[in-house]
Each structure stands twice: as C-alpha cells, then as structure tokens.
Amino acid sequence: MSQHVFKRAGFLAATVGAAGLLGAGIASAHVTANVYGPQPTKGGYAAIVFRVPSEEKDPITTTKVTVDFKPDYGIGSVRTKPVPGWTAQVTKSKLPAPITKDNGTQVTEAVTAVTWTAQPGSELKATDYQEFSVSFGPLPSNVDQVEFPAHQTYSDGKVVDWNQPTLAGGEEPEHPAPVVKLAAKAADGDAHGTMADTASTTGDTQAAAATSDSTARWLGGAGLLVGAVGLGVGAGATIRARKATAKSGGNS
C-alpha cells in the first residue's frame, strides 16, 4: 500500500473524529441540572447547579433565565447562591390543594419558579456560560426524578424553552428539560449501621497500626541492643589483638 493511501486514510480519520467532537459539543450545549455532592433522596433536600450556556451569535446575549418548579412537587423552600452581576427572584404560588409531606406537614404554598436577571454588563455572550446554584426541599417521595423546565431569554427578545421530556430509551430531544434523578430514601438504621461499621473498621485499623508501631519499636530496640553488643565484642577483640601483638613484639 502506498504512502498516498495512508495519508488519505489518516486525513479521513481525523476529519471524522473532528466531526464527532463538533457534534458532541453541539448536542451538549443546553441547560442542564448538575448535582455537586450526594445524590438527592426522595423526601429529602437537594443542592444542584443549573448550567446555562449562551448559544446565539454575537452581539446577542443571554439576559434572563427562569427555572420552573412544578407545583405538584410541593417544594416549600428554595435558597439561591449569589451570582455576581445577576439578581435572583423566587416565586411562590398558592396550591389548589395542600400537599402532605412525609413528616406530616402540609404545604399550601409552593415555589413555582426562580428567575435570574443579568445586570447591565453581566449578560452572557456567545462564548460564555453561567452556573446558578440552588438548594431546596423537601423533595417529593413519589417520583424517581424531578424535572425543571427552563426558559432562556436573549437580548433580541427571543426565548428558548428547555422543557421537552426525555423518554426512557429514546433519543434526547432538541430542547430537553433539566432533570435530576432521586435516590431511594434510606431506611432508618441503615446509616447507623454504616457508621458503626466504619467506626469498627477505623478502630481495627488503629489497633493494627498501634500493634505494628509497638512491634516496630520493639524490633528497633532489639536491633540497637544487638548492635551495641556486637560493637562491644568487636572492640574487645580489637583490644586483645593489639595486646597480643605488643606482647609478641616485646618477646622478640
């Protein structure tokens, strides 16, 4: 096979690889909800980050982002982390019927949206992205995941809705809604058992370390003692040899 054929094959592979990377970049450029820390559990609280890239060409910028909280989730509390150059507003709405949580409390007014608005000069340019952190709860206990439809507003008035559900086993839609999966609620006692196992393991490790340390010290001390004895024996042999040599020389 000639070098020309090898060069063409290499160029084709590089072109396909670049196209694949470009396609992956385009597919991943959407609003997402990311969990930083332990996975939220059903009925518990969550701390997540909404990552928002700006997709329009210059000079169009992202000026506002709104994330919807479904009323039937019954989210009673939301805290936002300050973002320099952006203001956050939490919207609460009265529920048509109270929602009873696992602890017995009834939620009559729930969070239905959080809106971040850019101050002049802080808008997201075409090459920018921003992360908006929130903590909220209690989460619903009757669903396996929670969806947060998002709405991205641009400086030219265009609004992109990220609200399409991703069907199980199906391809990702063009504008998927941010989703966070929920872990099963741990049964009472599981955490205590884990902590006990951890404490036991830690205690065993510390005991083994202490034993190993004591053994090492004992062996070290014994080694010093043997060394000292050996040094004494060697010094005595040297002295006796010198005496023997001196005595032999005197007799001659």
Q | Residues T87, Q119; criterion side chain to side chain contact (heavy atoms under 4.5 Å, CB included); working and verdict | A | CA-CA 7 Å; T87 59; Q119 299 173 0; 3.4 Å; yes
(Q) Testing the 3.5 Å rule here: is there a donor-acceptor pair between the side chains of T166 and E172? (A)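 Side-chain D/A pair, T166 to E172: absent.
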Q: Output the distance between atom CG (N163) and atom CD (E147), rounded to the nearest 0.5 Å.
A: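 If I round to the nearest 0.5 Å, the distance is 9.5 Å.
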Considering all heavy atoms of both residues, which atom of [X] and which atom of [Y] are nearest to each other, and what is their separation?
X    : Y    : value
P176 : P173 : CD-O, 3.4 Å
E55  : Y154 : N-OH, 3.2 Å
K181 : Q145 : NZ-OE1, 3.3 Å
P38  : V35  : O-CG1, 3.5 Å
V31  : A150 : CG1-CB, 4.1 Å

Exam field: side chain [X] to backbone [Y], donor-acceptor pair closer than 3.5 Å:
X    : Y    : result
Q164 : H175 : yes
K101 : P138 : yes
K125 : K57  : no

Q: Taking side-chain hydrogen bond (donor to acceptor under 3.5 Å, both in side chains) as the test, write out the residues that go with D72, two or more places apart.
A: none
Q. Can T80 and V114 be said to form a side chain to side chain contact (heavy atoms under 4.5 Å, CB included), step by step?
A. CA-CA 9 Å; T80 61; V114 178; 3.9 Å; yes
Q. When the ring centroid of F132 is compared with that of W86, is the distance short of 6.0 Å?
A.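 Close enough - the centres of the two rings lie under 6.0 Å apart.
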Q | Ring-ring centroid check Y73 F136, cutoff 6.0 Å | A | no
If two hydrophobic side chains count as joined below 4.5 Å and joins carry through other members, does [X] share a cluster with [Y]?
X    : Y    : value
V67  : Y45  : no
V160 : V179 : no
V90  : I99  : no
L139 : V180 : yes
F148 : V107 : no

Q: Would you please name every residue forming a salt bridge (charged side-chain N to carboxylate O under 4.0 Å, His left out) with K158, sequence neighbours left out?
A: E56
Q.
Please evaluate residues N34 and I48 with respect to the criterion side chain to side chain contact (heavy atoms under 4.5 Å, CB included), reporting the C-alpha separation (whole Å), side-chain torsions for both, the decisive distance (0.1 Å), and the verdict.
A. CA-CA 6 Å; N34 305 285; I48 66 174; over 6 Å; no
Q) Could you walk me through whether D68 and H151 pass the side chain to side chain contact (heavy atoms under 4.5 Å, CB included) check? A) CA-CA 8 Å; D68 294 337; H151 314 281; 2.6 Å; yes
**Q.** side chain to side chain donor-acceptor pair (under 3.5 Å) contacts touching residues 126-144 (sequence neighbours left out)
**A.**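 Pairs touching residues 126-144 that pass the test: Y36-E131, K42-D144, R51-E131, D102-S141.
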Q.
Counting only heavy atoms from other residues, nucleotides and ligands, does the tally under 6.0 Å from NZ of K64 exceed 12?
A. no
Q. In a check of side chain to side chain contact (heavy atoms under 4.5 Å, CB included) between S155 and each of T62, L124, I60, which one passes?
A. I60
Q. When the ring planes of F50 and F69 are compared, do they come out parallel, tilted or perpendicular, using 30° and 60° as the limits?
A. perpendicular
(Q) If you define the side chain from C-beta out and look only at heavy atoms, does anything of V134 sit under 4.5 Å from W116? (A) yes
Q | Heavy-atom side-chain proximity of T91 to V111 below 4.5 angstrom | A |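 SC-SC contact between T91 and V111 ruled out.
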